[in-house]
Amino acid sequence: MSNQADLVTKDEFETVKQLLASAARYAESSHQRLDQVSIQQQQSAQETRELRESQKQSAQETRELRKSIRELREAQKQTDQQLQSFIFEAQRLFTQQAASIEQLKGMNERLDGVLAYLIRKEQRGE
C-alpha cells in the first residue's frame with residue numbers, strides 16, 4: 001500500500017506541479033498585460049497633458065484673436081470717423097470754392113461791362 005500511496009502522491013505532485021506551472025504562466029501573462037495597460041495608461045496620461053496644453057494654447061490664441069478683432073474694430077471706427085470728417089471738409093471746401101467761383105464770375109462780368117464801357121467811350125472820343 002505504500003507504493004499506491006507513493007503513486008497517488010506522485011500523481012498528485014505532478015498535478016500540483018502542472019497547476020503551479022499553469023498559475024506561473026497565468027501570473028506572467030497577467031504581469032505582461034498589466035505592464036501593457038500601465039504603458040497605455042502612461043501614454044493616455046501624456047496625450048491628455050498634450051491635449052490640455054494644446055487647449056490652453058488654443059484658448060490663448062482665441063483671446064489674442066478677440067483682442068485683435070476689438071482693436072481692428074476700434075481702428076475701423078476711427079478711420080470711419082476720419083473719413084466722414086474728410087468728406088464733410090471736402091464738401092465744405094467745394095461749396096466754398098463754388099461760392100468763390102460765383103463771386104469771380106460776377107466780378108468778371110462787371111469787368112467785362114467796364115471794359116465794354118471804356119471801349120465805347122474811347123471809340124466815341126476818336
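Just so you know, these numbers use all the heavy atoms, side chains as well, and skip hydrogens, waters and symmetry mates.
- Atom CZ of Arg73 sits about 12.0 Å away from atom OG of Ser68, to the nearest 0.5 Å.
- Residues Leu115 make up the rest of the hydrophobic cluster containing Ile119, defined by ILVMFWY side-chain heavy atoms closer than 4.5 Å, directly or through other members.
- In this structure, Lys67 NZ and Ile69 CD1 are separated by 13.5 Å, a value rounded to the nearest 0.5 Å.
- For the pair Ser85 (side chain) and Gln81 (backbone), a donor-acceptor distance under 3.5 Å is absent.
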Next item on the list: Assess whether side chain to side chain donor-acceptor pair (under 3.5 Å) is satisfied between Glu64 and Gln60, documenting all intermediate values.
Entry: CA-CA 6 Å; Glu64 290 171 4; Gln60 179 62 29; 3.0 Å; yes
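- Here the side chains of Arg124 and Lys121 are not in contact, with every heavy-atom distance at 4.5 Å or above.
- In this structure, Lys56 has no salt bridge (charged side-chain N to carboxylate O under 4.0 Å, His left out) partners at least two apart in sequence or on a different chain.
- Between Gln84 atom CD and Gln82 atom CD the span is 11.5 Å, to the nearest 0.5 Å.
- Listed for the Ser54 side chain is no donor-acceptor partner under 3.5 Å among the backbone atoms of Glu50.
- Atom CD of Gln36 has more than 12 heavy atoms from other residues, nucleotides or ligands within 6.0 Å.
- The CG atom of Leu34 sits 7.0 Å away from atom NE2 of His31, with the distance rounded to the nearest 0.5 Å.
- Note: Leu19 CG to Glu14 CD = 10.5 Å, rounded to the nearest 0.5 Å.
- No more than 12 heavy atoms of other residues, nucleotides or ligands shown are found within 6.0 angstrom of CD on Gln41.
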Under 3.5 Å, which donor-acceptor pairs link side chains of residues 94-103 to any protein atom two or more places apart or in another chain?
residue: Thr95; atom: OG1; partner: Gln91; partner atom: O; Å: 2.9
residue: Gln96; atom: OE1; partner: Arg92; partner atom: NH1; Å: 3.4
residue: Ser100; atom: OG; partner: Gln96; partner atom: O; Å: 3.2

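- Rounding to the nearest 0.5 angstrom, the gap separating the OG1 atom in Thr62 from the CD atom in Gln55 is 10.0 Å.
- Both Tyr117 and Val114 sit in one connected hydrophobic cluster of ILVMFWY residues. Membership requires side-chain heavy atoms under 4.5 Å apart, directly or through other members.
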